[in-house]
Student: 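Handing you this structure, nothing more for now.
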Amino acid sequence: MANILIIGAGGVGRVVVHKCALNHDVFDKITLASRTLSKCELYQKEVSQRYNVDIGIAKVDADDIQALVTLIQKIKPDIVLNIALPYQDLTIMEACLQTGVDYLDTANYEHPDTAKFEYKEQWAYHQRFKEKGIMALLGSGFDPGVTNVFCAYAQKHYFDEIHTIDILDCNDGDHGYPFATNFNPEINLREVSAKGRYWEDGAWIETKPMEIKKVWNYPQIGQRDSYLLYHEEMESLIKHIKGLKRIRFFMTFGESYLTHMKCLENVGMLGIEEVEHNGCKIVPIQFLKTLLPDPATLGKRTKGKTNIGIVAHGIKDGKEKTIYIYNVCDHEQTYKETLSQAVSYTTGVPAMIGAKLMINDAWMKPGVYNMEQFDPDPFMEALNTQGLPYFIKEL
Ligand code: NDP
């Protein structure tokens, strides 16, 4: 039985709260804290009506370490789940370190002033977490998260050596809006408008944004244009997958999404630096976020499926082989279960599973770790029972 503190009442936070309530036998005390208390109140009401589970709520600014420490000391959680934004990773890790509480997140640290995300600052906490006897699990969403676990599972059960990995992320959902993002717009647009990057023969190779396109055939969806992006799980996988020679990440985008994005970029709406407007200072991408639909409200109107997985190629018993491990998730089904679309669902469910494995000691060792550093088997089993079943195909 565990006392869990979830920080961030957004699209993903809603799924985490619902799934923790559905696993009330493990999470017997649940608190949701965020900057906007009314969002916590909404999710508190949903969970109480649907599952008859009471959750506590609190208001907190997770950029403020002292406020976090005070909240953690009051709630006394066994674990803190950071489901806010990547900007809060370091402050929440710092507060966990000061209070001696385990930590989990779904996205790696990003500095608000530089559109660049990397693990360096979070990995730097490893020794201090170890000495304190607490653990941080980094990137327990779908990608990063489940994709890392798929790689570890392929390495453990299917290969002596993996030579290439392609991570394939397809969201074929349609929400009916001309333009909207399926998770936090600021984080999403910073990610997809950045330069592409992949790793080959020991070096990173940079591409122009959306320069490399491939058409992949996604089971249960079909052929879709997929663009090479930099994605954070590659940074840890190149350290932990034996014999790897190349790793790439592809995500699908429709023509309309790309045209909107290009246009917004051309007029400066994706800018992350302050500009003066009628005597006030605004950050264009933050203003754009205010205009765009809140991803937490897309669930009701989104139809279609997501398919996210990995294709691994390598050697087993002297023979070459290729396998494809993937999950397919239906937006309408996830809405029925958690009032959320599949992008939030595929992120929130793995966050709950990661927390569960830490709590029951299946995945517990002091220090700061990425997902592929643990035995993938219990996580894979949990995917099947918690709503994200996987398929494995030999290609
Ligand atoms: P949302 O924008 O919907 O939600 C973020 C929430 O965090 C909001 O409720 C916001 O509160 C809260 N928040 C932001 N800043 C603070 C702060 N300083 N203090 C307290 N609360 C704060 O984002 P999503 O739910 O879509 O995404 C959540 C996280 O999941 C992000 O880090 C995202 O990168 C990650 N993600 C990971 C994926 C994966 O597969 N690994 C996939 C998709 C997302 P308020 O509304 O009051 O500002």
Side-chain angles (χ1 to χ4, degrees), residues 5-18 31-43 57-68 71 80-92 95 104-110 112 115 117 122 137-150 167 169 171 180-192 229 231-234 236 249 251 285-286 288-290 292-299 306 308-309 327 329 338 340-354 370-371 388:
L5 170 60
I6 301 159
I7 300 178
V12 179
R14 181 187 231 155
V15 176
V16 177
V17 169
H18 278 244
T31 307
L32 174 65
S34 204
R35 211 163 34 180
T36 312
L37 197 64
S38 57
K39 290 190 184 172
C40 302
E41 284 165 351
L42 172 68
Y43 299 167
I57 54 170
K59 183 174 164 61
V60 74
D61 178 358
D63 293 323
D64 179 344
I65 296 172
Q66 194 45 53
L68 287 164
L71 178 68
V80 173
L81 266 59
N82 169 13
I83 314 293
L85 297 178
Y87 311 132
Q88 281 81 48
D89 287 6
L90 299 184
T91 47
I92 301 180
L104 176 152
D105 67 31
T106 66
N108 77 1
Y109 177 65
E110 187 170 340
F117 40 102
Q122 292 186 273
L137 183 61
L138 306 184
S140 191
F142 206 104
D143 46 343
V146 177
T147 49
N148 303 56
V149 176
F150 284 170
I167 301 167
D169 179 332
N171 176 11
T181 63
N182 293 288
F183 68 95
N184 185 279
E186 192 181 336
I187 304 297
N188 183 241
L189 290 167
R190 279 168 67 132
E191 176 179 294
V192 303
L229 300 183
H231 223 245
E232 62 202 63
E233 62 265 54
M234 295 193 285
S236 67
F249 180 97
M251 190 178 271
I285 199 166
Q286 288 173 1
L288 177 63
K289 175 178 181 274
T290 306
L292 289 175
D294 179 350
T297 63
L298 294 177
T306 61
I308 315 174
N327 161 264
C329 197
T338 60
S340 307
Q341 36 88 0
V343 175
S344 300
Y345 187 88
T346 52
T347 311
V349 173
M352 181 280 295
I353 295 174
N370 294 88
M371 307 284 285
L388 292 175

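Read the numbers this way: they start at 1 and go in the same order the structure lists the ligands and their atoms.
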Student: Distance to 0.1 Å, residue and atom name: give those for the protein heavy atom nearest to atom 28 (C) of ligand 1.
Tutor: A84 O, 3.3 Å

Student: At what distance is the nearest protein heavy atom to atom 25 (O) of ligand 1, and which residue and atom is it?
Tutor: V12 N, 2.8 Å

Student: Would you mind checking which non-hydrogen protein atom is closest to atom 4 (O) of ligand 1, with the distance to 0.1 Å?
Tutor: G10 CA, 3.2 Å

Student: Distance to 0.1 Å, residue and atom name: give those for the protein heavy atom nearest to atom 18 (N) of ligand 1.
Tutor: D61 OD1, 3.1 Å

Student: Any heavy atom of A296 sitting closer than 4.0 Å to ligand 1?
Tutor: no

Student: Taking distance alone, with N or O pairs closer than 3.5 Å, would you say I83 contacts ligand 1?
Tutor: no

Student: Is there a heavy atom of G139 sitting under 4.0 angstrom from any atom of ligand 1?
Tutor: no

Student: Report the nearest protein non-hydrogen atom to atom 5 (C) of ligand 1: residue, atom name, distance rounded to 0.1 Å.
Tutor: L85 CD2, 3.9 Å

Student: May I ask you to decide if L104's main-chain N or O and N82's side chain share a donor-acceptor pair within less than 3.5 Å?
Tutor: no

Student: Could you find the nearest protein heavy atom to atom 41 (N) of ligand 1 and give me its residue, atom name and distance?
Tutor: T106 O, 2.8 Å

Student: What part of D143, side chain, backbone, both or neither, has a heavy atom within less than 4.0 angstrom of ligand 1?
Tutor: both

Student: Identify the closest protein heavy atom to atom 12 (C) of ligand 1: which residue and atom is it, and at what distance?
Tutor: S34 OG, 3.6 Å

Student: Answer side chain, backbone, both or neither: which part of P144 comes under 4.0 Å from ligand 1, heavy atoms only.
Tutor: both

Student: Between A107 and ligand 1, which part of the residue brings a heavy atom under 4.0 Å of the ligand: side chain, backbone, both or neither?
Tutor: side chain

Student: Can you sort out the partners of T36 under side chain to side chain contact (heavy atoms under 4.5 Å, CB included), two or more places apart, ordered by chain and number?
Tutor: S38, K39

Student: Short N/O distance, under 3.5 Å, between D294 and ligand 1?
Tutor: no

Student: Taking the six-membered ring for Trp, are F249 and H231 parallel (under 30°), tilted (30 to 60°) or perpendicular (over 60°)?
Tutor: parallel

Student: May I ask you to identify, for I187, whether its side chain, its backbone, both or neither come under 4.0 Å of ligand 1 on a heavy-atom basis?
Tutor: side chain

Student: Does some non-hydrogen atom of A9 fall short of 4.0 Å from ligand 1?
Tutor: yes

Student: Under 4.0 angstrom from ligand 1, any heavy atom of G145?
Tutor: no

Student: Would you tell me whether E186 and Y87 have side-chain atoms, one donor and one acceptor, within less than 3.5 Å of each other?
Tutor: yes

Student: N108 and D89: side-chain donor and acceptor closer than 3.5 Å?
Tutor: no

Student: For atom 2 (O) of ligand 1, find the nearest protein heavy atom and state the residue, atom name and distance (0.1 Å precision).
Tutor: N184 ND2, 2.6 Å

